[in-house]
Structures are given as C-alpha cells and as structure tokens.
Amino acid sequence: MPTVNIYFRKVENQKRLQGLTPDLKKYLAEELTCGDITLSPSEISIRFLNIAGGEMSADIELEITAHAFHERIGKQDEICLRVMDYIKRESGIENVRVWLKLSNLGHSW
C-alpha cells in the first residue's frame, strides 16, 4: 500500500493538487504496478503537508513510499521523472521534486 506525502507552502498549490487527487491516485497505481501485483487507486494514500518553517528544494515535493519490488528498483528514476512531469503538466506548477523511497514494508489491517 503505497503512501504519498505532498509537501507545499502555498495554499493555492494545495488547492490545485487536491483537485488532481483522484487522477493522481490512478496514475500512481499504474506507475507502481509491477509483475503479478496490480495496484488500484484505493490502495494509495495521499497526504498533504503544509510546511510552515524550514527549507524546501521546490514549491512541491512528493515523497512516495512503496515496497521495493525488483521491477520498481530497476526503474525508480524513470518513475520519479514521469510523476514529476505528470504533476507539472496537470497542475501547472513548474518547480516539483519527487522521491521514491523503496523498502520492505509491513502493514496491519
């Protein structure tokens, strides 16, 4: 179950991105699907975090955390670049950075 933290400073950027959330979940489900595991948008959690202090390297920063399946590891940079291009294109926000953090994840239900 991938999680996405979207960091921003400007409230207008949050509003733009929140409108994209359903389509972003679909897009990420497609990007992160691999092998026999097909993700659905409902399996992706997206959180918006307003940064009030500190430093950011971009207007919008996305941290995607997902399981380190071999297929994802091999194309992690391409995934980040495609997600960055998607956010730029769909939101109109040009200064975007994306990190894909892959690890062995546990979860509870």
Side-chain angles (χ1 to χ4, degrees):
M1 310 313 150
T3 60
V4 182
N5 290 332
I6 300 177
Y7 301 91
F8 65 94
R9 285 185 185 274
K10 298 177 182 174
V11 174
E12 61 267 16
N13 287 344
Q14 177 192 11
K15 290 178 182 176
R16 285 184 189 176
L17 292 169
Q18 278 187 313
L20 299 175
T21 299
D23 290 336
L24 177 58
K25 288 175 80 166
K26 289 178 194 172
Y27 183 80
L28 290 171
E30 292 170 9
E31 280 292 329
L32 296 173
T33 287
C34 55
D36 295 332
I37 297 171
T38 302
L39 287 174
S40 72
S42 65
E43 294 176 290
I44 296 176
S45 175
I46 295 181
R47 304 174 193 119
F48 292 88
L49 295 106
N50 188 349
I51 304 303
E55 301 267 332
M56 289 180 54
S57 63
D59 292 333
I60 300 296
E61 298 179 7
L62 281 80
E63 285 181 343
I64 304 166
T65 302
H67 189 82
F69 292 115
H70 183 71
E71 289 177 59
R72 287 180 187 155
I73 294 170
K75 60 181 186 174
Q76 59 190 329
D77 289 335
E78 291 86 4
I79 292 170
C80 288
L81 291 171
R82 285 192 296 266
V83 171
M84 181 182 68
D85 288 340
Y86 177 86
I87 294 293
K88 286 180 174 184
R89 181 178 64 251
E90 298 299 320
S91 72
I93 301 166
E94 285 299 316
N95 192 6
V96 177
R97 301 287 182 269
V98 178
W99 291 268
L100 178 58
K101 298 162 59 173
L102 300 175
S103 61
N104 291 317
L105 301 173
H107 61 82
S108 65
W109 291 109

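These numbers were taken from a predicted model, which means no experiment stands behind them.
Taken from CE in Met1 to OG in Ser42, the straight-line distance is 8.5 Å, to the nearest 0.5 Å. Atom CD of residue Gln14 and atom CZ of residue Arg16 lie 13.0 Å apart, to the nearest 0.5 angstrom. Atom OG1 in Thr38 sits 11.0 Å away from atom CD in Glu30 (nearest 0.5 Å). To the nearest 0.5 Å, atom NZ of residue Lys15 and atom CG of residue Leu17 are 12.5 Å apart. Interatomic distance, Arg9 CZ to Met56 CE, rounded to the nearest 0.5 Å: 6.0 Å.
With Asn95 as reference, Asp59 is the one residue of Ile60, Asn13, Asp59 to meet the side chain to side chain contact (heavy atoms under 4.5 Å, CB included) rule.
A donor-acceptor pair under 3.5 Å links the side-chain atoms of Glu43 to the main chain of Ser40, judged by distance alone. Although no hydrogens or angles enter the test, the distance criterion places no donor-acceptor pair under 3.5 Å between the side chain of Glu63 and the main chain of Lys101. For Arg72 (side chain) and Cys34 (main-chain N/O), no donor-acceptor pair under 3.5 Å exists by modelled atom type.
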*asked:* The test is side-chain contact (heavy atoms from CB on, under 4.5 Å); show your working for Ile87 and Ile93 and say whether it passes.
replied: CA-CA 7 Å; Ile87 294 293; Ile93 301 166; 5.5 Å; no
*Stepwise side-chain contact (heavy atoms from CB on, under 4.5 Å) check, Asp23 with Glu90*: CA-CA 10 Å; Asp23 290 336; Glu90 298 299 320; 6.0 Å; no
_Using the rule given for side-chain contact (heavy atoms from CB on, under 4.5 Å), can you reason through Ile6 versus Leu24, listing the C-alpha separation, both sets of side-chain angles and the distance that settles it, and then say yes or no?_
CA-CA 12 Å; Ile6 300 177; Leu24 177 58; 4.0 Å; yes
*asked:* Does Thr21 form a side-chain contact (heavy atoms from CB on, under 4.5 Å) with Phe48? I'd like the steps, not just the answer.
replied: CA-CA 10 Å; Thr21 299; Phe48 292 88; 3.5 Å; yes
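The cluster map of Ile, Leu, Val, Met, Phe, Trp and Tyr, joined by side-chain heavy atoms under 4.5 Å apart, puts Leu100 and Ile73 in the same cluster. Hydrophobic clustering (side-chain heavy atoms under 4.5 Å, transitive across Ile, Leu, Val, Met, Phe, Trp, Tyr) keeps Ile79 apart from Phe69. Note: the hydrophobic cluster containing Tyr7 does not contain Val83 (ILVMFWY, side chain heavy atoms under 4.5 Å, direct or indirect links). Grouping the Ile, Leu, Val, Met, Phe, Trp and Tyr side chains by contacts below 4.5 angstrom, directly or via other members, places Phe8 apart from Trp99. The same ILVMFWY cluster, assembled from side-chain heavy atoms under 4.5 Å apart, contains both Ile64 and Leu81.
Ala58 and Arg97 make their closest contact through CB-CG, 3.4 Å (heavy atoms, listed as atom of the first residue, atom of the second, distance). The two residues Asn5 and Arg47 make their nearest non-hydrogen contact at OD1-NH1, 3.1 Å. The two residues His67 and Leu102 have their closest heavy-atom pair at O-CD2, 3.7 Å. Smallest separation of non-hydrogen atoms from Lys26 and Pro41: CG-CG, 3.6 Å. Here the closest non-hydrogen pair linking Lys88 and Glu94 is CE-O, 2.9 Å.
Side chains of Leu39 and Pro2 form a contact here, defined as non-hydrogen atoms less than 4.5 Å apart. A heavy-atom distance below 4.5 Å is not found between the side chains of Tyr27 and Leu20.
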